[in-house]
Amino acid sequence: MQLLFIHSDYIEYEAKQKTRVAEPIDESKKHERIEEVLVVFVAVEREDETNARYAVEKALEETSSVFNKVGAERIVLYPYAHLSSTLASPEMSMEMLKAMERDLLSSGVDVKRAPFGWYKSFTLQCKGHPLSELSRKIEVHEGSGAGAEEKAAEKLSKALEAEEKAESQFFFMDDGTGGNLIRAADFEFESGIEERANLQKFFLYESEKRRAVDRIPPHVELMKRLEIADYEPSSDPGNLRFYPKGKLIKSLLENHVRNSVAEYGAVEVETPIMYSTEHPSLKDYLERFPARQYSMAGKKGKPDLFLRFSACFGQFLMSKDMSISYKNLPLKMFELASSFRREKRGELVGLRRLRKFTMPDMHTLCKDMGEALEEFKKQYELCIHVLDGIGFSMRDYEVAIRFTREFYDDTANKEFIEELVRIAGKPVLIERWDQRFFYFVLKFEFNFVDALGKASALSTVQIDVENAERYGIKYVDANGEEKSPIILHCSPSGAIERCMYALLERAYLEKERGVLPMLPLWLSPTQLRIIPVAERHLEYIEGILPVLNGIRADVDDREETVSKKIRDAGRDWIPYVAVVGDKEVEKNTLSVTIREESSKGKKKPEEMDVYALKNMIEQVIKSKPFRELALSYKLSERAKFVGG
RNA sequence: GCCGCUGUGGCUUAGAGGUAGAGCAGCUGAUUCGUAAUCAGCAGGUCGUGGGUUCAAGCCCCACCGGCGGCUCCA
């Protein structure tokens, strides 16, 4: 279908003479003059006939969009055959034009349709502003494409509609207020407690959805400058490249999460990253999960494939084929899942929102709601523990707990929520849905609020009451009967990339507060940098390096001045910087500057021997995952991954 | 996806219709240096891509592609 929009001061037309296909009209309709109007010239084309509903819908979308944008007062639909050389049949065209007219009328738009199939005279006066003349082509593809697109659109809309209709209220709950829901309007943000400012930012982000900031997110600049990650122009947006330092940090975080869930008792699995769209359970699930997929057309005769947007399918399909006794429950399965979501273009930012990301995803099969709640609480604590290990305390994130009204009406559940708030030890945001729109009845998230006041979820746990049945997951209870378990979805840290984003953003916030920014010691690509004053000190350094085994220590052996090397170490956020010159060699010591204890313009190098230094660093990182340096220990041998 | 802004060597950027200029990084040489940039020289640019206007386009117009912000959504 071809559309030509002209925003006009007026249009005046007169039906002069019938053609063979003319529609019958009243004498009064033959001549019209309409002011302040968006004239929509329409040519319905042959291909539109293969999927008329889709074409009409699209055309209406475009029309409303233009109509609202230019701020016209009314619309005239004007059949205009000359926009296309492959016209649809007159009957069909007229039908579709009428359908458009009906729809616009029913949505309250003042619309007129010029008579079809007449030779008409017309004059109009185009307003001439930048948007006053626009054209659009609605494309309907032949055969399966069109059908599939329509079906996909329908599917998507089912889930999205549910969300749009989802009505919810926000509250706050604090430890020590008797577990009462405090209406958002009554909550005191200005209590002199600094932490509440963040909660307020989070709440505003959630409820108002209006945030006008105009700045490049600090972490995007940092991820490049620190050679952590970067955009990859040759991939799809949101698929990043990770440089050695970034890959190191990522691996360490992954291992940390992996170790923590193993300790909690989960078993690690791996499942495929792509699935057939034809699988009945998946088909169904796709409708309940309003994310957009990467999909690939199957070779002829074969079903289409999509890339997973979470590890749910794989693990559910695995669970369905298992034989599970009540004695095996709660059963916890974990996967570090590369996941793909075709998020809207405008949504993607740096490491915060990606199309390809790494999501730790654990599913727990529980025999009933009682056990589910018990595990839910454990996982709530597990998440706190995992984030704490990364370096985020309760101060660094805001808690949101969300549930259905029905869930909360149960007194026992109410007490359960109060207990969660008590564990948080600070006010939390509560969202209550009037009905269950999703597959879960209760969830929480820990949300990080960044330098620009944007919130994003890290850890989350959800109680899923729907998918066991959908996938046919069963366990056998003590009476030998098959039952459907309740499933917990848990991402203990949230996406790994997002943790990196939060670490960088927090470092930036620290810097704003006058603190030297840095990463936690166990995640710093270089933990200790050794700087020789002159070349002759290198030998001494080589001698002490074996002692520093188990610590990521490198040596700035470049031909630069000491000042330059110190500065570069600072720019790289290196936690420990040791200078070695004649004095140190003679006394067999190091002159160490500790970043954490320094500030801008204030440094205090400390004399210590290499064993003391090693001990000091090991104290901090002892229980954390470790990997060797990602790059050569000699700086002179390293290539630059990013300029500047 | 839609709307707005934006895109000049690896990085940061000057250049408002008339031969693309600099700093950092890189390379070469000198300097072997004590806590936030040693000095000199050399090399490096299809000005995001493709069209168009013009005698002439990095600059004006159009489209597309990236990026940033907003809408919407989520780990």
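Chain letters run A, B, ... following the sequence lines, proteins first, then strands; residues in each count from 1.
- Contacts of A:Ile531 with the nucleic acid, taken as non-hydrogen atoms under 4.0 Å apart, are absent.
- Using Watson-Crick or G-U wobble geometry with both donor-acceptor distances under 3.5 Å, B:C71 finds its partner in B:G1.
- Between A:Val220 and A:Glu445, the residue anchored nearer the 5' end of RNA chain B, judged by the nucleotide with its closest heavy atom, is A:Val220.
- Nucleic acid contact for A:Ile496: none, since no nucleic acid atom lies under 4.0 Å from a heavy atom of the residue.
- The shortest distance between side-chain heavy atoms of A:Arg595 and A:Val577 does not fall below 4.5 Å.
- Comparing the same atom, C1', in B:A16 and in B:A20 gives a spacing of 15 Å after rounding to whole Å.
- Nearest nucleotide to the A:Ala495 side chain, out of B:A75, B:C71, B:G1: B:A75.
- Rounded to an integer number of Å, the gap from CD of A:Glu221 to P of B:G69 is 12 Å.
- A ring-centre distance under 6.0 Å is found for A:His489 and A:Tyr439.
- Nucleotides B:C59 and B:A63 place their P atoms 16 Å apart, quoted to the nearest Å.
- With a cut-off of 3.5 Å on both Watson-Crick or G-U wobble distances, the partner of B:A43 is given as none.
- Atom name P, nucleotides B:G44 and B:C62: the rounded distance is 36 Å, in whole Å.
- In this structure, the CG atom of A:Asp557 is 18 Å from the P atom of B:U32, given to the nearest Å.
- Following rounding to the nearest Å, A:Lys356 (NZ) and B:A75 (P) show an atom-to-atom distance of 18 Å.
- Spacing between atom CZ of A:Arg402 and atom C1' of B:A75 amounts to 13 Å, rounded to whole angstrom units.
- Going from the C1' atom of B:G7 to that of B:G50 covers 16 Å, rounded to whole Å.
- A gap of 35 Å separates the P atoms of B:U54 and B:U13, to the nearest Å.
- Judged by Watson-Crick or G-U wobble contacts below 3.5 Å, the nucleotide B:U32 has no partner.
- As rounded to the nearest Å, B:C55 and B:C42 have P atoms that lie 40 Å from one another.
- Annotation: B:G58 and B:G48 have their C1' atoms spaced 12 Å apart (nearest Å).
- Scanning atom types as modelled, one donor and one acceptor separated by under 3.5 angstrom connect the side chain of A:Arg498 and the base of B:C74.
- For A:Asp554, the salt bridge (Lys or Arg N to Asp or Glu O under 4.0 Å) partners are A:Arg529, A:Arg638, not counting sequence neighbours.
- Under the Watson-Crick and G-U wobble criteria, each requiring two contacts below 3.5 Å, nucleotide B:C55 is paired to B:G18.
- Closest approach to the A:Glu347 side chain among B:U72, B:A75, B:A25 is made by B:U72 (side chain taken as heavy atoms from C-beta onward).
- A:Lys454 has a side-chain polar atom (N or O) that falls below the 4.0 Å cut-off from OP1 or OP2 of B:G70.
- What separates OH of A:Tyr205 from P of B:C74 is a distance of 11 Å, to the nearest Å.
- To the nearest angstrom, P of B:U32 lies 18 Å from CG of A:Asp556.
- The nearest whole Å value for the distance from the CG atom in A:Leu222 to the P atom in B:C68 is 14 Å.
- Heavy-atom neighbours of A:Glu381 CD from other residues, nucleotides or ligands within 6.0 Å: above the threshold of 12.
- Nucleotide B:A37 forms no Watson-Crick or G-U wobble pair with any nucleotide shown, as no partner meets the under 3.5 Å limit on both distances.
- Under the Watson-Crick and G-U wobble criteria, each requiring two contacts below 3.5 Å, nucleotide B:G23 is paired to B:C11.
- Between A:His363 and A:Phe316, the ring-plane angle classifies as perpendicular under the 30° and 60° cut-offs.
- Considering A:Glu505, A:Arg506, A:Arg352 in turn, A:Glu505 is the only one that fulfils the side chain to side chain donor-acceptor pair (under 3.5 Å) rule with A:His219.
- Here B:A75 presents its C1' atom at 10 Å from CG of A:Asn447, a figure rounded to the nearest Å.
- A:Ala507 meets the side-chain contact (heavy atoms from CB on, under 4.5 Å) test with A:Pro517, A:Trp573; sequence neighbours excluded.
- Sequence order on RNA chain B of the closest nucleotides to A:Pro237 and A:Ser459 puts A:Pro237 first from the 5' end.
- Side-chain contact check for A:Lys511 versus A:Leu516: every heavy-atom pair is 4.5 Å or farther apart.
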Nucleic acid footprint by protein, nucleotides 33-45 of chain B - heavy-atom cut-off 4.0 Å, B for base, S for sugar-phosphate alone
BBBBBS-------
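- Annotation: A:Glu539, atom CD; neighbour count of heavy atoms from other residues, nucleotides and ligands within 6.0 Å does not exceed 12.
- No contact: A:Lys604 has no heavy atom under 4.0 Å from any strand.
- Here B:C64 sits opposite B:G48 as a Watson-Crick or G-U wobble pair (both hydrogen-bonding atom distances under 3.5 Å).
- Two rings, from A:Phe313 and A:Phe306, have their centers less than 6.0 Å apart.
- At a cut-off of 3.5 angstrom, the base of B:C68 holds no donor-acceptor pair with the side chain of A:Tyr231.
- Between B:G45 and B:U32, the distance separating the two P atoms is 35 Å to the nearest Å.
- Side-chain to base pairing of A:Arg353 with B:C73: one donor and one acceptor N or O lie within less than 3.5 Å of each other.
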